[in-house]
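Lettering follows sequence order; numbering is per chain, from 1.
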Number of protein chains: 2
Amino acid sequence: MIRVMVVDDQALVRRGFALVLDNEPDIQVVAEAGTGLTAIAAAREHQPDIILMDIRMPEMDGLEATARILQTEKKAEAGDTPCRVIILTTFDPDEYVFRALRAGASGFVLKDIPPEALVEAVRTVADGGAMLAPGITQRLISQFAQKLGTGRNLAERLERLTAREREVLAAIADGKSNAEIAEALFIGPATVKTHVSSVLSKLGLRDRAQAVVFAYECGLANAGGRDVGF
Amino acid sequence: MIRVMVVDDQALVRRGFALVLDNEPDIQVVAEAGTGLTAIAAAREHQPDIILMDIRMPEMDGLEATARILQTEKKAEAGDTPCRVIILTTFDPDEYVFRALRAGASGFVLKDIPPEALVEAVRTVADGGAMLAPGITQRLISQFAQKLGTGRNLAERLERLTAREREVLAAIADGKSNAEIAEALFIGPATVKTHVSSVLSKLGLRDRAQAVVFAYECGLANAGGRDVGF
DNA sequence: TCTCACCTCCCCCAAAAGGTGGAGACGGCA
DNA sequence: TGCCGTCTCCACCTTTTGGGGGAGGTGAGA
């Protein structure tokens, strides 16, 4: 049985969704909330598997509420219920989508979807998957393809480097100085300089700064992976 | 009427999908192909709206074929049919997915989906959307959220900088030298040094190389956006 | 065996970068 | 009015970086 909570400030809308879902044999609506704040409390109390969350709400919007609920979930992590959130809204501007995904939402669907599709989305997400509105999936793919896109030809340039040189480049992309690289790779500083020089000349770069740019652009260094705690 | 081409090396599978789709009133299977090479030729000849493409095939795999078909499409761009590809396969390893998305696929679904879902996927993609298997959507979101994740707290550190300093940081993240930054911002090289110094000290960085790392990590510079043609 | 690519390290040197301290100009704000 | 933050620039200094050689050692392959 999938336990669902519906969060929307408009009681009618809320009841509508709840009725649609409750009509399914394997889905049970266990709570409803009309604001972000009450949603947080209700989530804690009823421990739903899935939360259908509107964005525009008084007191606290759905994105903020989503972030908080999933954060406390993560802290608890007693393995209770890894509650998952589907954002259900009328609009789909990019900013909302990105914020929602960052907040940890597993779905982002528009309110105009047919009821069966909503039910399907709930089941999909409860099953560990994710469900986005088709247009959003499309944009996500575009963004992703763009990021991977340029990587190709640059990665070819990367192959001109020897294994050691790639290691050095990675270290450069980590913000390390020559001395630090030497220490990290257990070689002398002079050797590091040699490697750095060949990396720069082979790739047609001038600076270690440009080397950092190159590393990020070709995917050798991945943005978002590191804590910049130099 | 949605014109579909089915590409799969197993004739039985191919016929199965074709029959399911042809049974729909708004979908017409206009071509079939058993290899990547013939798929390219058939796509050119029949100009389908949607191509269902298997990955594992003799002569040329589906990903390569997808890339080529969409590439020639792009070149032609006479506005004929902006043909779109749905990858339909038994496996979903990450590598395949990324290659598929980079090749320009608009969908990636597993062969075990129910027939109605396949039909729905075809309609969705024909309608300009995209459709991924739920698990894949999930992973795409994770990757995306990770990239956006750390950006927030770092961006706060960014706000300690003055507007000018942020400009300078952006220029640094572009791989520019102090002299180039001076030229770009119409100020003296000495001024650039001043700004660079305060950027580094305010952000707790040592190097302009570390500054580049910081810029990428906090999203000030976006990987994939630039041509590294130093 | 000889060659070649690679890794390792050295020296010297010029250029760039980064730190420190100071200074004038401008605009907002108490 | 005076204070403060910002932008602009300067001079001086140390450290780092990057380029130009050269040189020894290793292992794979012709």
field: Atom pair distance, as rounded to whole Å: CD1 in B:Ile172 and P in C:dA17
entry: 9 Å
- prompt: Is any side-chain heavy atom of A:Arg164 less than 4.5 Å from a side-chain heavy atom of A:Ile187?
  reply: yes
query: Is the side chain of B:Arg68 donor-acceptor paired with the backbone N or O of B:Ile40 at a distance under 3.5 Å, no angle test?
result: no
task: Respond yes when some side-chain nitrogen or oxygen of A:Thr162 is under 4.0 Å from OP1 or OP2 of C:dA5, and no when none is.
output: no
- prompt: Of the non-hydrogen atoms in B:Arg206 and A:Ser177, which two are nearest, and what is the gap between them?
  reply: NH2-N, 3.3 Å
task: Looking only at non-hydrogen atoms, find the nearest pair between B:Ile87 and B:Ala100 and report the distance.
output: CG1-CB, 3.9 Å
query: How does each nucleotide of nucleotides 24-30 of chain D score, in 5' to 3' order, for protein heavy atoms under 4.0 Å: base (B), sugar-phosphate only (S), or none (-)?
result: -------
Check residues 51-59 of chain B and write down every donor-acceptor pair under 3.5 Å in which the side-chain atom is one partner and the other belongs to a residue at least two apart or another chain.
from, atom 1, to, atom 2, distance (Å)
B:Asp54, OD1, B:Lys111, NZ, 3.4

statement: Rounded to whole Å, CZ of B:Arg208 lies from P of D:dG18 at a distance of 11 Å
- line: Nearest heavy-atom contact between A:Phe108 and A:Val97 is CE1-CA, 3.7 Å
Side chain of A:Arg164 - closest among C:dG19, D:dC7, C:dC7: C:dC7
- request: Starting from P on D:dC7, measure out to CD on B:Glu167 and report it in whole angstrom.
  value: 9 Å
message: In this structure, how many angstroms lie between the C1' atom of C:dG18 and the NE2 atom of B:His195, rounded?
response: 15 Å
message: Within the structure provided, determine whether A:Leu220 and A:Phe214 are in side-chain contact (heavy-atom separation under 4.5 Å).
response: no
field: d(CD1, A:Ile181; P, D:dT17) in whole Å
entry: 8 Å
Nearest-nucleotide comparison on DNA chain D, the residue closer to the 5′ end among A:Ser197 and B:Leu185: B:Leu185
Between D:dT8 (P) and B:Glu165 (CD): distance, integer Å: 10 Å
query: Do B:Gln10 and B:Arg15 meet the criterion of a side-chain donor-acceptor pair at a distance under 3.5 Å?
result: no
message: Rounded to whole Å, please give me the gap between CD in B:Glu183 and P in D:dT8.
response: 16 Å
Pairs: protein N or O with nucleotides 27-30 of chain C N or O, under 3.5 Å:
none

field: Donor-acceptor pair, side chain of B:Arg14 and main chain of B:Glu32, under 3.5 angstrom
entry: no
task: Please check if any side-chain donor atom of A:Thr191 sits under 3.5 Å from a side-chain acceptor atom of A:Thr194, or the reverse.
output: no
- request: Report, as yes or no, whether the 6.0 Å neighbourhood of atom CD on B:Glu180 holds more than 12 heavy atoms from other residues, nucleotides or ligands.
  value: yes
query: Separation of A:Arg206 atom CZ from C:dA17 atom P, in whole Å?
result: 7 Å
message: Taking side chain to side chain contact (heavy atoms under 4.5 Å, CB included) as the definition, give me every residue that meets it alongside B:Ala171, ordered by chain and number, with sequence neighbours left out.
response: B:Lys176, B:Ile181
- request: Taking all non-hydrogen atoms of both residues into account, name the closest pair between B:Ile172 and B:Arg208 and its distance.
  value: CG2-O, 3.6 Å
task: Scan A:Ile50, A:Thr124, A:Leu132, A:Thr66 and name whichever one has a side-chain contact (heavy atoms from CB on, under 4.5 Å) with A:Ile86.
output: A:Ile50
- prompt: In degrees, rounded to 10°, what is the bend between the two ends of the helix from C:dT1-D:dA30 to C:dA30-D:dT1, using five pairs at each?
  reply: 30°
Polar-atom pairs under 3.5 Å, protein N or O versus N or O of nucleotides 9-16 of chain C: list them with distances, or write none.
from, atom 1, to, atom 2, distance (Å)
C:dC9, OP2, A:Gly188, N, 2.3
C:dC9, OP2, A:Thr191, OG1, 2.7
C:dC9, O5', A:Thr191, OG1, 3.2
C:dC9, N4, A:Thr194, OG1, 3.1

